[in-house]
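Sequence lines set the chain letters: A, B, ... in the order given, protein chains first and strands last, and positions in each chain run from 1.
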Protein chains: 2
Amino acid sequence: MAESEWEAALRSHGHRVTPQRLAILRMVSAIRHPTAESIYEAMGEAEPSLNLSTVYRNLAVLQEVGLVTHAHIDAKAPVYHLAAEPNHIHLSCLTCGEVTSVQPETAAAFAERVATDTGFQIRPGHSAVYGFCPKCSTNT
Amino acid sequence: MAESEWEAALRSHGHRVTPQRLAILRMVSAIRHPTAESIYEAMGEAEPSLNLSTVYRNLAVLQEVGLVTHAHIDAKAPVYHLAAEPNHIHLSCLTCGEVTSVQPETAAAFAERVATDTGFQIRPGHSAVYGFCPKCSTNT
DNA sequence: CTATCTGCAAATAGTTTGCGTACTC
DNA sequence: GAGTACGCAAACTATTTGCAGATAG
């Protein structure tokens, strides 16, 4: 998605386009599983004096606008990603903390079966599933 | 699981059996999706003057011992349940916040497919999946 | 009797909010 | 120029930790 589309999405919801918002969107697309804090820190280098509360406020705006979603991957901070990214489900290793993804087709098949069983419509991007990654489950 | 088994599990890991620990275990099995705070509040009625930090410390002990696990169901506090409960995956509604469960067989089929695809061993009890419950997805 | 456990209070981590100024449109 | 957005500092929520007294084994 081009930056012009980001701007259009913001404007169509009555929000302004600011350097901070574009910078945050770039970070969310550049960093692998960024938390609010890691976006803030990464920004410290590129865009001096951006405030942490601005990161939080803008992540909320960007989610409202539909450009970004978040998932709760571990106990602490939620992680963010572009809403346009393929609908993967996050896999979080309870031992080493590494985060990988289930293939979109597997996620889709699961979502479909749950919808058939229970009527619940899954949003895969928001979801985190815990367990043990191949490395850690063999060393057990 | 009988209380005697709880006691055995605690003792076999070198922990003591205290009224607080048994009370917390009873609450975890009695309340639907308890957070540390809701266990503490529910306890206030039954077992006066139990401290919140004791709840946190003991939930950690009970997880170490393997009697209890937790899942991250929404943005805020994790919820706990007995490890012996069937391995359901939690479904959390992004609109109304209601929590339901996918049937154990569906969870198992998904876990198996993920294991085949990626080698990742899922622990369903820890996992939360977000989306919209039947009520909320029809009203959209 | 001794080491673990508990309650209390203070510390910490993540996030939110109030307020005055700066910048977008 | 009007009103949103920003930075700063303080407030808030969930959780953790230090310490002195209480209790299980």
Original post:
Counting only side-chain N and O atoms of B:Gln20, is one of them less than 4.0 Å from OP1 or OP2 of C:dG7?
Top reply: yes

Original post:
Below 4.0 angstrom from OP1 or OP2 of C:dC5, is there any side-chain N or O of B:Asn51?
Top reply: no

**OP:** Kindly write out the residues that satisfy side chain to side chain contact (heavy atoms under 4.5 Å, CB included) with B:Ala9, not counting sequence neighbours, or none if the list is empty.
**Re:** B:Val65, B:Leu67

**OP:** For DNA chain D, determine which residues of residues 10-18 of chain A have any heavy atom closer than 4.0 angstrom to one of its atoms, and list them numerically.
**Re:** A:His15, A:Arg16, A:Thr18

Subject >> Euclidean distance, atom NE2 of residue B:His72 to atom P of C:dG14 [Å, nearest integer] >> reply: 14 Å

Subject >> Whether B:Ser29 side chain and B:Arg26 backbone form a donor-acceptor pair below 3.5 Å >> reply: yes

Original post:
What's the CE-P distance between A:Met43 and D:dG7, to the nearest Å?
Top reply: 10 Å

**OP:** Just jot down the side chain to side chain contact (heavy atoms under 4.5 Å, CB included) partners of A:Leu94, sequence neighbours excluded, or say none.
**Re:** A:Tyr130, A:Phe132, B:Arg123, B:His126

Original post:
With a non-hydrogen cut-off below 4.0 angstrom, is B:Arg21 in contact with a base, only sugar-phosphate, or nothing?
Top reply: sugar-phosphate

**OP:** Sequence neighbours left out, what passes salt bridge (charged side-chain N to carboxylate O under 4.0 Å, His left out) with B:Arg11? Give chain and number order.
**Re:** B:Glu7

Subject >> Results of side chain to side chain donor-acceptor pair (under 3.5 Å) for A:Ser127 - residues two or more places apart only >> reply: none

Original post:
For the helix from C:dC1-D:dG25 to C:dC25-D:dG1, what is the angle between the axes at its two ends, each from 5 pairs, rounded to 10°?
Top reply: 40°

Original post:
Got a sec, which residues hit ring-ring contact (aromatic ring centres under 6.0 Å, His included) with B:His33, two or more places apart in sequence or on another chain?
Top reply: B:His90

Original post:
Could you give all pairs that pass the ring-ring contact (aromatic ring centres under 6.0 Å, His included) test and reach residues 9-28 of chain A, with sequence neighbours left out?
Top reply: none

Cut-off 3.5 Å, no hydrogens considered: what does the side-chain donor-acceptor table look like for residues 97-114 of chain A, sequence neighbours left out?
unit_1	atom_1	unit_2	atom_2	d
A:Glu98	OE1	A:Lys135	NZ	3.4
A:Thr106	OG1	B:Arg113	NE	3.4
A:Thr106	OG1	B:Asp117	OD2	2.6
A:Arg113	NE	B:Thr106	OG1	3.3

**OP:** Starting at atom CD1 of B:Ile24, determine the distance to atom P of C:dC5, rounded to an integer number of angstrom.
**Re:** 12 Å

**OP:** Answer with yes or no whether the hydrophobic clustering places B:Phe120 together with B:Val129; edges join I, L, V, M, F, W, Y residues whose side-chain heavy atoms lie under 4.5 Å apart.
**Re:** yes

**OP:** Could you list all the salt bridge (charged side-chain N to carboxylate O under 4.0 Å, His left out) pairs where at least one residue sits in residues 79-92 of chain A, not counting sequence neighbours?
**Re:** none

Original post:
Want to settle it: does A:Thr54 or B:Arg57 sit nearer the 5' end of DNA chain D, counting the closest nucleotide to each?
Top reply: A:Thr54

**OP:** Tell me, please, which residues at least two apart from B:Thr54 pass side chain to side chain contact (heavy atoms under 4.5 Å, CB included).
**Re:** B:Gln20, B:Leu50, B:Asn51, B:Asn58

**OP:** Measure the distance from CG on A:Leu50 to P on D:dA5 and round it to the nearest whole Å.
**Re:** 15 Å

Original post:
Reading nucleotides 11-16 of chain D from the 5' end, what letters show protein touch, with B for base, S for backbone sugar-phosphate only, - for no heavy atom under 4.0 Å?
Top reply: ---SBB

